[in-house]
Each structure stands twice: as structure tokens, then as C-alpha cells.
*Asks:* 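My questions all concern the structure below.
Just the heavy atoms: all of them, side chains too, but no hydrogens, waters or symmetry mates, feed the values below. Whatever order the structure lists them in is the order used to number ligands and atoms, beginning at 1. Note that this is a predicted model, so its numbers are computed, not measured.
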Amino acid sequence: MQYGLLGGKLGHSLSPKIHELFFKYTGLTGNYVLLETELEALPERVKVMRSTYAGSNVTIPHKIAVIPLLDSIAPEAQAIGAVNTIKFTEAGAFGYNTDYFGFGRMLEYNDIAITGKIAVVLGSGGAARAVMKYLADKEAEKIYLVTRDVSSVDKHFLEIAPGCQVIDYAELETVKGDVIINCTPVGMYPKVEASPVSAKVTANFEAAVDLIYNPAETMFLCQAKEAGKKYVNGLFMLVAQAVAAQEIWQGKQYDSDLIVKIMADLERNI
Ligand code: NAP
């Protein structure tokens with residue numbers, strides 16, 4: 001079976017490695033390739049893939065542009081406004097958002113509860129959309145979206161998570177809660193000497209989650225660790241969203257042991 005990743009510049013993507021490990025550990029046969037595609041070439045590419053590919057992931061900058069090219073979109077992808085996975089069948093091309101499932105599975109695996117809890121999301125970019133949708137679906141008691149500029153935040157966030165409160169980093173200083181989630185690129189390799197918030201802010205939460213996975217312990221996570229809090233990096237999510245895509249393509253569920261096995265392999269190679 002043929003699978004691929006549709007995106008702009010894909011040179012550093014870990015996806016082929018993750019899917020290669022998936023095929024290795026499940027014994028399934030599949031080939032996963034990078035499909036660098038210009039925006040103008042996207043419609044033709046998807047048309048050809050309908051008869052030649054079983055599935056595809058989609059990344060920046062095509063997660064929104066691909067939507068009108070598909071036959072139907074799963075409810076979570078519709079609400080988030082972005083597709084990162086396509087399943088091609090004889091019945092058509094169907095879009096999903098597996099960042100949503102990957103994020104949820106990461107929280108569940110690490111026993112980080114959301115229902116009835118106070119959650120803070122840092123950054124209002126693409127990744128935050130899937131995170132906000134999951135927090136809203138899990139009925140967090142209160143969700144804060146933290147941005148550098150309240151006036152520039154996309155109003156769609158209020159549809160994704162009705163009742164969420166959009167605040168800036170100064171207001172965040174006074175918030176206490178259960179979980180704080182970094183959905184900004186701040187602290188990512190090679191600029192590792194930075195955190196989106198101070199250690200004082202991180203210490204106001206019981207758990208810190210960073211979507212960044214390189215480095216494994218960002219400055220933000222080190223702050224949480226030093227304050228004796230629970231902390232989780234984004235590697236589990238990265239692998240879990242890939243496994244969620246495979247679950248859609250294969251029509252089968254895989255348990256978390258497989259995610260952990262693939263993660264361990266990647267950790268040795270990142
Ligand atoms: P993005 O769109 O580039 O940025 C997200 C948001 O971060 C921006 O909209 C901005 O929000 C804030 N931001 C950007 N630069 C900042 C800075 N210098 N200081 C403070 N805030 C800043 O990125 P994304 O695609 O949403 O991804 C966010 C992070 O999650 C990346 O590190 C990405 O690698 C990671 N990620 C990981 C996974 C995974 O599976 N583990 C999946 C998706 C993404 P405001 O303008 O509102 O401040």
C-alpha cells in the first residue's frame with residue numbers, strides 16, 4: 001500500500017521514519033514517501049492520489065487548502081478547520097485531524113485529566129486549534145488561550161472552544177490551574193534557552209505539557225520539573241498522531257505499547 005506526506009518543505013520530517021517503524025513493528029507492508037507539493041499543484045496531486053494512494057498525511061501549508069478537494073471531513077477536523085490525514089477509498093477521499101487524537105492519547109497515557117479542570121494554552125497557531133478542540137470536548141471547566149496580542153487572535157477559537165477566555169501573558173501571571181500547554185515554538189531546538197513563560201507561572205499549574213519534542217526537556221518543562229510538577233513533551237503526541245492516521249487507514253486500533261516502542265526507537269535517533 002502506498003502512503004505519503006503532502007506538504008511544502010518537508011526535508012526534516014520525522015514522518016517517514018515513524019511510519020517505517022510502524023510497518024516494522026506491525027509486520028504490515030507499506031511505503032511512506034514525502035510529497036513536496038506547491039499550492040497550485042495540490043488539486044492535481046490529490047486527484048492522482050485518489051487512485052494511487054491508500055492514505056496521506058497533510059502538513060503546512062496545505063492543511064486548510066486541501067479541505068475543498070475532499071469528499072467529506074470528520075467532525076473534529078471540520079471544527080478545527082484543518083485536515084492532517086486523508087483516507088482514499090473507492091467511495092472517495094475523507095479528511096481527518098489526528099493531532100486531536102494524538103494530543104488526547106498523550107494526556108490519557110500520562111494520566112492528565114481535563115474534565116472539570118482549568119487548562120491554559122499558550123499560542124494561537126495551528127497546533128493550538130486541535131488542542132483547544134480536545135479540551136472543549138473533554139469539558140474542561142475553564143480554558144484560557146494565551147497570546148502575545150489579544151486583538152489579533154482568530155475569532156474561530158471562540159467557536160472551537162466556546163467560553164474560552166483569551167488573555168495576554170501579563171494576565172496569565174495571575175492565573176492558577178491544573179494544566180499549562182505550550183503550543184508555541186518557543187524553546188525548540190536550536191533556541192533552547194527560552195521558555196514562553198517564567199518559572200513562577202509554570203509553578204502555578206499541576207502539570208506542564210510541551211508540544212515540542214526536540215529537545216526532550218525544554219526550558220519550560222525544566223521549570224515544571226524543578227517545581228516538582230508533572231511534565232510531558234510532545235514526542236508521544238507526534239507518534240500517536242501518526243498511529244491514529246494508521247488506525248484510520250488500516251481500520252484497526254493499536255494499543256499504546258506500539259506508540260511507546262516507536263518512541264523509544266526515535267529517541268535513540270533524534
Ligand atoms: P506556529 O503556528 O508557528 O506558532 C504557534 C503560535 O505560537 C503562534 O501563532 C503564536 O501565537 C505563538 N508564537 C510564535 N512565535 C512566538 C514567540 N517568539 N513568542 C511567543 N509566542 C510565539 O506553530 P504551530 O504549528 O501551531 O506549532 C506549535 C508548536 O507545536 C511547534 O513547536 C510545533 O513543532 C509543535 N507541534 C508539535 C506536534 C506534535 O505532534 N508533538 C504537533 C503540532 C505542532 P500568538 O501570536 O497568539 O502569540
Side-chain angles (χ1 to χ4, degrees), residues 5 7-15 17-19 57-64 77 80-85 96-107 109-110 120-134 143-158 160-161 164-172 180-198 201 208-221 231-246 259 262-263 266-267 270:
L5 173 61
K9 291 272 165 283
L10 298 172
H12 298 293
S13 174
L14 281 173
S15 291
K17 185 73 194 159
I18 295 172
H19 289 280
N57 288 125
V58 185
T59 189
I60 293 166
H62 301 325
K63 288 184 178 190
I64 297 168
I80 292 162
V83 158
N84 81 333
T85 298
Y96 304 83
N97 189 304
T98 65
D99 280 339
Y100 173 90
F101 297 109
F103 176 71
R105 201 156 176 180
M106 169 174 73
L107 294 192
Y109 185 78
N110 288 285
V120 164
V121 175
L122 305 175
S124 65
R129 288 167 171 257
V131 167
M132 294 285 286
K133 173 69 179 151
Y134 182 86
I143 306 170
Y144 293 94
L145 177 62
V146 186
T147 174
R148 293 165 298 173
D149 179 5
V150 171
S151 66
S152 74
V153 167
D154 187 342
K155 298 290 172 281
H156 185 214
F157 274 102
L158 296 170
I160 294 174
C164 78
Q165 193 174 335
V166 182
I167 61 172
D168 62 20
Y169 284 87
E171 278 182 87
L172 176 61
I180 181 166
I181 304 151
N182 181 27
C183 297
T184 82
V186 180
M188 190 160 65
Y189 180 84
K191 295 184 180 170
V192 298
E193 297 299 322
S195 169
V197 293
S198 67
V201 167
V209 177
D210 203 329
L211 298 202
I212 295 170
Y213 47 84
N214 185 15
E217 285 189 10
T218 55
M219 175 86 85
F220 172 68
L221 293 186
Y231 61 99
V232 178
N233 74 29
L235 190 61
F236 192 103
M237 175 178 170
L238 180 75
V239 177
Q241 62 79 28
V243 170
Q246 288 286 357
I259 297 172
I262 296 173
M263 260 175 72
L266 281 179
E267 272 166 342
I270 283 183

*Asks:* With a 4.0 Å heavy-atom cut-off (strictly under), which part of Val186 contacts ligand 1: side chain, backbone, both or neither?
*Replies:* side chain

*Asks:* Is there a protein heavy atom at a distance of less than 4.0 Å from atom 33 (C) of ligand 1?
*Replies:* no

*Asks:* Which atoms from ligand 1 have a heavy atom of Ile212 less than 4.0 Å away?
*Replies:* 32 (O)

*Asks:* Return yes or no for this condition: an N or O of Gly234 is under 3.5 Å from an N or O of ligand 1.
*Replies:* yes

*Asks:* Mark the output for Cys183 as yes if a heavy-atom distance to ligand 1 is under 4.0 Å, and as no if none is.
*Replies:* yes

*Asks:* Could you tell me, atom by atom, which parts of ligand 1 come under 4.0 Å of a heavy atom of Ser124?
*Replies:* 6 (C), 9 (O), 11 (O), 45 (P), 47 (O)

*Asks:* Who's the nearest protein heavy-atom neighbour of atom 14 (C) of ligand 1, and how far?
*Replies:* Pro185 CD, 3.5 Å

*Asks:* Got the closest protein heavy atom to atom 45 (P) of ligand 1, with its distance?
*Replies:* Thr147 OG1, 3.5 Å

*Asks:* How about Val201 and Val120: do any of their side-chain heavy atoms sit closer than 4.5 Å?
*Replies:* no

*Asks:* Side chain, backbone, both or neither: which applies to Met188 and ligand 1 if a contact is any heavy-atom pair less than 4.0 Å apart?
*Replies:* side chain

*Asks:* Any N/O of Leu235 closer than 3.5 Å to an N/O of ligand 1?
*Replies:* no

*Asks:* What's the shortest distance from atom 10 (C) of ligand 1 to any protein heavy atom, and which residue and atom give it?
*Replies:* Arg148 NH2, 3.4 Å

*Asks:* Among protein heavy atoms, which lies nearest atom 44 (C) of ligand 1, and at what distance?
*Replies:* Ala127 CB, 3.6 Å

*Asks:* Nearest heavy atom to atom 40 (O) of ligand 1 wins, so pick from Asp168, Asn182, Leu238.
*Replies:* Leu238

*Asks:* How far is atom 29 (C) of ligand 1 from the closest protein heavy atom, and which atom is that?
*Replies:* Thr184 O, 3.7 Å

*Asks:* Please report the C-alpha distance between Val150 and Ile167 in whole Å, then the side-chain angles of each, then the deciding distance to 0.1 Å, and finally whether the side chain to side chain contact (heavy atoms under 4.5 Å, CB included) criterion is met.
*Replies:* CA-CA 6 Å; Val150 171; Ile167 61 172; 5.6 Å; no

*Asks:* For atom 1 (P) of ligand 1, is the nearest protein heavy atom closer than 4.0 Å?
*Replies:* no

*Asks:* Are any of the N/O atoms in Val153 less than 3.5 Å from those in ligand 1?
*Replies:* no

*Asks:* What's the separation between atom OH in Tyr100 and atom CZ in Arg129, rounded to the nearest 0.5 Å?
*Replies:* 15.5 Å

*Asks:* Which of these, Asp210, Asn182, Asn233, sits in a side-chain hydrogen bond (donor to acceptor under 3.5 Å, both in side chains) with Thr218?
*Replies:* Asp210

*Asks:* For atom 39 (C) of ligand 1, which candidate among Val239, Asn233, Leu211 holds the nearest heavy atom?
*Replies:* Leu211

*Asks:* Just checking, is any N or O donor in the side chain of Asp149 or Thr147 under 3.5 Å from an acceptor N or O on the other one?
*Replies:* no

*Asks:* Which protein heavy atom lies closest to atom 42 (C) of ligand 1, and at what distance to 0.1 Å?
*Replies:* Met237 CE, 3.8 Å

*Asks:* Quick check on contacts: which atoms of ligand 1 are under 4.0 angstrom from a heavy atom of Gly126?
*Replies:* 2 (O), 26 (O)

*Asks:* Tell me whether Asn84 contacts the main-chain N or O of Thr98 through its side chain, where contact means a donor paired with an acceptor under 3.5 Å.
*Replies:* yes

*Asks:* Can you tell me if OH on Tyr189 sees more than 12 non-hydrogen neighbours from other groups inside 6.0 Å?
*Replies:* no

*Asks:* I need the atoms of ligand 1 closer than 4.0 Å to a non-hydrogen atom of Tyr213, numbered in the order shown.
*Replies:* 41 (N)

*Asks:* Is it the case that atom NZ in Lys191 sees more than 12 heavy atoms from other parts of the structure closer than 6.0 Å?
*Replies:* no

*Asks:* Report the nearest protein non-hydrogen atom to atom 6 (C) of ligand 1: residue, atom name, distance rounded to 0.1 Å.
*Replies:* Gly125 N, 3.7 Å

*Asks:* Would you call Asp99-Lys63 a salt bridge at under 4.0 Å N-O?
*Replies:* yes

*Asks:* Is ligand 1 less than 4.0 angstrom away from at least one heavy atom of Gly102?
*Replies:* no

